Student: 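Here it is, the structure in full.
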Amino acid sequence: MKLFKKLSILVLLLSYTSIQAQSLQQQKKYFPKAITKMKIFLGSTEQELLNKCDNCVDQKTEESFRRVYLSNLDDKEFQSAIFYVSTSTAEVYEIILTAKDGIDVNKVANKLLGSPNVENNEWRFFSDKTKQKFTMAMWVFKNKLVIAGDIQGSEWEKGFE
């Protein structure tokens, strides 16, 4: 009987992990190929990030609310990615992609996301559309495409303003 209980618990855990991974995969259509190839999404755990990102380097910042990892990318549009991980939940809540010289980030973002759908040339994708537990926000800042989620325990927890 004890073996049956242990097996049942194991099956439940594996099922939950699989469902969670499928849910995160639904973000693929909002991400550039450089990131989808890594299979890292908003809400991925810090351990998943480190397991899937061979060249992620901890930037060892003094910030108490997040850890910052930098990864150089082998991509035609983006040279690097910065991942913000919440220290309270150990989840990726923001990804900042730095474009290569000569790349028009606005053009890349519009091709990927369509026309901006909120003020200030930004994009919002709400949970009813993304099937996530959070709103996804994207914006361009200089030569960077920022992708963030208002994930509980992150600096964006209260939303984007």
Side-chain angles (χ1 to χ4, degrees), residues 20-21 23-127 129-161:
Q20 185 179 16
S23 174
L24 294 177
Q25 289 281 332
Q26 291 184 24
Q27 295 178 37
K28 278 175 93 167
K29 64 183 169 188
Y30 304 103
F31 283 65
K33 285 183 183 163
I35 299 301
T36 59
K37 284 190 286 188
M38 297 172 78
K39 297 183 180 171
I40 299 296
F41 302 100
L42 300 177
S44 292
T45 66
E46 184 173 21
Q47 193 58 54
E48 288 171 323
L49 171 66
L50 296 175
N51 288 342
K52 295 176 181 178
C53 181
D54 296 333
N55 67 350
C56 273
V57 177
D58 186 344
Q59 299 302 286
K60 302 202 185 297
T61 66
E62 299 289 323
E63 298 164 328
S64 62
F65 64 97
R66 68 179 171 205
R67 281 184 286 284
V68 179
Y69 294 93
L70 173 68
S71 173
N72 291 318
L73 301 174
D74 181 19
D75 185 72
K76 65 181 183 181
E77 297 168 328
F78 297 102
Q79 65 185 7
S80 64
I82 297 171
F83 299 92
Y84 288 172
V85 176
S86 168
T87 55
S88 68
T89 63
E91 291 180 314
V92 174
Y93 70 90
E94 186 170 329
I95 303 169
I96 303 170
L97 297 156
T98 303
K100 289 184 172 179
D101 289 338
I103 297 294
D104 182 340
V105 182
N106 283 300
K107 195 175 195 178
V108 172
N110 284 318
K111 183 178 177 187
L112 178 67
L113 304 167
S115 298
N117 62 5
V118 294
E119 293 180 13
N120 300 319
N121 288 324
E122 296 182 4
W123 296 263
R124 296 291 184 278
F125 298 100
F126 299 96
S127 58
K129 183 172 183 173
T130 64
K131 308 299 183 220
Q132 306 299 298
K133 294 179 182 176
F134 52 85
T135 297
M136 292 174 51
M138 290 84 159
W139 62 92
V140 171
F141 178 73
K142 297 182 182 180
N143 68 332
K144 295 170 177 53
L145 174 61
V146 180
I147 303 170
D150 59 355
I151 294 173
Q152 187 173 0
S154 75
E155 67 184 283
W156 297 117
E157 179 177 13
K158 292 187 176 28
F160 304 97
E161 292 300 320

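Values below: every heavy atom of this structure, side chains too, minus hydrogens, waters and symmetry copies. This structure is a prediction, so every number in the text was calculated from the model and none was measured. Throughout, residue positions are numbered sequentially from 1 according to the sequence presented.
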Student: State, without any angle test, whether E157 and Y93 hold a side-chain donor-acceptor pair at a distance under 3.5 Å.
Tutor: no
Student: Could you pull out the closest heavy-atom pair between N72 and N55, with the gap in Å?
Tutor: O-ND2, 2.9 Å
Student: Using modelled atom types only, decide if a donor and an acceptor are shared between the side chain of W139 and the backbone of N120 within a distance under 3.5 Å.
Tutor: no
Student: Show your working on side-chain contact (heavy atoms from CB on, under 4.5 Å) between C56 and F83 and close with a plain yes or no.
Tutor: CA-CA 9 Å; C56 273; F83 299 92; 4.0 Å; yes
Student: Just by modelled atom types, is the T130 backbone N or O under 3.5 Å from a matching donor or acceptor in the Q132 side chain?
Tutor: yes
Student: Are there over 12 heavy-atom neighbours, none belonging to K100, within less than 6.0 Å of that residue's NZ?
Tutor: yes
Student: Can you tell me how far OG1 of T36 sits from OH of Y30, rounded to the nearest 0.5 angstrom?
Tutor: 14.5 Å
Student: Are the side chains of F78 and I35 in contact, using a 4.5 Å heavy-atom criterion?
Tutor: no
Student: What pair of heavy atoms forms the shortest contact from V92 to I151, and how long is it?
Tutor: O-CD1, 3.5 Å
Student: Look at the side chain of S88 and the backbone N and O of G153, then say whether any donor-acceptor pair between them is shorter than 3.5 Å.
Tutor: yes
Student: Where do F141 and I96 land on the side-chain contact (heavy atoms from CB on, under 4.5 Å) test, with the steps shown first?
Tutor: CA-CA 10 Å; F141 178 73; I96 303 170; over 6 Å; no
Student: Take a 6.0 Å sphere around CD of Q152 and say whether it holds more than 12 heavy atoms from other residues, nucleotides or ligands.
Tutor: no
Student: When rounded to the nearest 0.5 angstrom, what distance separates CG in L50 from OH in Y69?
Tutor: 4.5 Å
Student: Do other residues, nucleotides or ligands put more than 12 heavy atoms under 6.0 Å from the NZ atom of K37?
Tutor: yes
Student: Looking at every non-hydrogen atom in both residues, tell me the closest pair between T87 and S64 and how far apart they are.
Tutor: OG1-O, 2.8 Å
Student: Passes side-chain contact (heavy atoms from CB on, under 4.5 Å), F31 versus M136? Steps please.
Tutor: CA-CA 11 Å; F31 283 65; M136 292 174 51; 3.7 Å; yes
